[in-house]
Protein chains: 2
Amino acid sequence: MSDPAPGLNSAQLGAYFALMEVSSLLQYAVDEHLRADGDLSWVQFQILARLTDAPGGRLRMTDLADGVVYSRSGLTYQAGLLDKRGLITRAPSPDDERSVMVTVTDAGRALVGQVLPGHVDRVRQLLIEPMTGTDVAALSAVLGRVRDHMRANPPRSAKPRAGRNRAG
Amino acid sequence: MSDPAPGLNSAQLGAYFALMEVSSLLQYAVDEHLRADGDLSWVQFQILARLTDAPGGRLRMTDLADGVVYSRSGLTYQAGLLDKRGLITRAPSPDDERSVMVTVTDAGRALVGQVLPGHVDRVRQLLIEPMTGTDVAALSAVLGRVRDHMRANPPRSAKPRAGRNRAG
DNA sequence: TATTGTTATACTCTATAACTATA
DNA sequence: TATAGTTATAGAGTATAACAATA
């Protein structure tokens with residue numbers, strides 16, 4: 001388990017470096033497409049996509065922050081941009097007046113619909129294409145487990161209030 | 001996941017989402033540590049690490065840009081910061097007066113040595129620990145193949161001069 | 001008091017284009 | 001002309017802290 005040696009062996013290093021490089025390249029490519037095709041940042045796209053998938057097309061800011069952003073103000077900033085463009089609306093929640101319910105507008109759904117095909121194309125072309133079906137299944141399973149582990153063991157300094165603390 | 005994105009099945013989507021989330025969380029954790037322990041950004045750490053690994057501790061700016069940064073000016077900026085802190089030096093290459101040779105200083109090596117253990121700790125704790133040895137090997141192999149594919153098939157808009165074009 | 005969200009502010013980083021110098 | 005690198009500039013994004021309002 002815990003390798004007593006100070007470093008990582010070559011397979012471990014290989015996994016680490018490959019992960020970082022693949023994700024960086026994919027992120028860059030995808031970001032670029034979203035910007036060109038829909039004038040959306042990655043974060044903005046994620047917000048819209050999550051809302052589109054949510055029942056009623058709406059979520060609280062807090063739910064939205066979770067996993068999308070690392071600070072509350074960052075989400076407020078991005079939501080402000082989407083709001084300004086008419087892609088979402090924000091209104092106080094009836095249940096809890098402190099909360100803000102964010103809702104995708106028709107324009108927001110339309111934009112997601114416009115951008116999604118090209119987005120998926122890039123992901124398939126860059127990430128999926130070089131893998132076999134077995135590879136994809138294995139990758140999904142392994143990284144899913146890693147993700148669960150990361151959520152359960154957040155970095156020590158994880159802020160009590162910022163996003164990403166899904167473990168609690 | 002009401003209606004899966006057109007063209008990607010759930011395993012493919014799962015692999016995509018897990019990859020993005022895992023890399024995001026890992027990046028965040030690692031970045032945070034580097035900042036706290038050595039006042040280094042991820043890019044700066046990569047520059048220093050690459051130089052430390054290079055023969056003679058030196059590389060040309062162009063070699064350094066390759067895979068670390070997406071624009072030349074970005075590298076100049078980061079190198080400028082490292083230079084100011086005495087962690088690297090820059091001098092025109094004797095071979096080609098257009099090139100700049102970047103060299104790690106002793107202070108730069110010392111800082112890498114100071115930061116590396118904690119860095120490795122985080123990577124192991126977050127990424128390696130939840131995987132079996134077989135998982136690690138499989139992840140490394142699959143992502144290595146994906147990385148090679150991405151390098152060989154850069155996004156259409158890849159700039160002719162910016163970094164990341166290792167395909168040639 | 002704790003939680004939800006916004007705002008003000010300052011800062012880091014990035015990218016584009018114009019520029020210099022060398023090949 | 002093409003390549004290597006820097007600089008000026010401008011913009012996007014982020015984080016922290018102070019803030020208001022509700023629970």
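Since this is a predicted model, take the numbers as computed values, not measurements. In the text below, chain A, chain B and the rest are named by the order of the sequence lines, each starting its count at 1.
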**OP:** Record whether the side chain of Ser99(B) comes under 3.5 Å of the base of dA4(D) through a donor-acceptor pair of N or O atoms.
**Re:** no

Original post:
Base, sugar-phosphate, or nothing: which does Thr76(B) touch, judged by heavy atoms less than 4.0 Å apart?
Top reply: base

Original post:
Which of the following nucleotides, dT6(C), dA23(C), dT16(C), is nearest to the side chain of Arg72(A)?
Top reply: dT6(C)

**OP:** Identify whether any heavy atom of Ser93(A) sits under 4.0 Å from a base atom; if not, whether one sits that close to sugar-phosphate; answer base, sugar-phosphate or nothing.
**Re:** nothing

Subject >> First encountered from the 5' end of DNA chain D, between Asp96(A) and Ser73(A) >> reply: Ser73(A)

Original post:
Between Gly74(A) and Arg98(B), which is nearer to the 5' end of DNA chain D once each is assigned its nearest nucleotide?
Top reply: Arg98(B)

Original post:
Whole Å only: how far is the OH atom of Tyr28(A) from the P atom of dG13(D)?
Top reply: 14 Å

**OP:** May I ask you to decide whether Arg124(B) forms a salt bridge with Asp121(B), counting only side-chain N to carboxylate O separations under 4.0 Å?
**Re:** yes

**OP:** For side-chain contact (heavy atoms from CB on, under 4.5 Å), just list the numbers for Val102(B) and Leu59(B), CA-CA rounded to whole Å, side-chain angles, deciding distance to a tenth of an Å, and then say yes or no.
**Re:** CA-CA 5 Å; Val102(B) 182; Leu59(B) 289 170; 5.6 Å; no

**OP:** Return yes if the base of dA4(D) and the side-chain atoms of Thr62(B) contain a donor-acceptor N/O pair under 3.5 Å, otherwise no.
**Re:** no

**OP:** Go through the steps to decide whether Met150(B) and Glu129(A) satisfy the test side-chain contact (heavy atoms from CB on, under 4.5 Å), and finish with yes or no.
**Re:** CA-CA 10 Å; Met150(B) 285 179 169; Glu129(A) 193 184 278; over 6 Å; no

Subject >> Short N-O contact, Arg109(B) and Asp106(B), less than 4.0 angstrom >> reply: no

Subject >> Euclidean distance, atom CD of residue Gln44(B) to atom P of dT14(C) [Å, nearest integer] >> reply: 9 Å

Original post:
The side chain of Arg60(A) lies closest to which of these nucleotides: dT14(C), dT4(C), dG5(D)?
Top reply: dT4(C)

Original post:
Ser41(B) side chain: which of dC13(C), dT7(D), dT14(D) is closest?
Top reply: dC13(C)

Subject >> Pair Ser24(A), Tyr70(B): side-chain N/O donor-acceptor within cut-off below 3.5 Å >> reply: yes

**OP:** Take the protein atom CG of Leu40(B) and the nucleotide atom C1' of dT12(C), then report the distance between them rounded to whole Å.
**Re:** 14 Å

**OP:** Figure out the CG/C1' separation between Asp95(A) and dT3(C), and round it to whole Å.
**Re:** 15 Å

Subject >> N/O (side chain, Arg90(B)) to phosphate O (OP1/OP2, dG5(D)) under 4.0 Å >> reply: no

Subject >> Value in whole Å for how far the C1' atom of dT14(C) lies from CG of Leu81(B) >> reply: 13 Å

Original post:
Out of dT14(C), dT22(C), dA12(D), which nucleotide sits closest to the side chain of Gln78(B)?
Top reply: dT14(C)

Subject >> dT16(D) base / Ser71(A) side chain donor-acceptor hit below 3.5 Å >> reply: no

Original post:
Under a 4.0 Å N-O cut-off, is there an ion pair linking Asp148(B) with Arg145(B)?
Top reply: no

**OP:** Check the distance between dT7(C)'s C1' and Met61(A)'s CE and give it to me in whole angstrom.
**Re:** 12 Å

Original post:
What's the CG-C1' distance between Leu82(B) and dC13(C), to the nearest Å?
Top reply: 14 Å

Original post:
Taking OP1 and OP2 of dC13(C), is either one under 4.0 Å from a side-chain nitrogen or oxygen of Arg35(B)?
Top reply: yes

**OP:** Select one nucleotide: of dA23(C), dA23(D), dA17(C), the one nearest the side-chain heavy atoms of Glu97(B).
**Re:** dA23(C)

Original post:
Rounded to whole angstroms, how far apart are CZ on Phe45(A) and P on dA12(D)?
Top reply: 21 Å

**OP:** Could you check which of dC13(C), dA17(D), dT6(D) has an atom nearest any side-chain atom of Tyr77(B)?
**Re:** dC13(C)

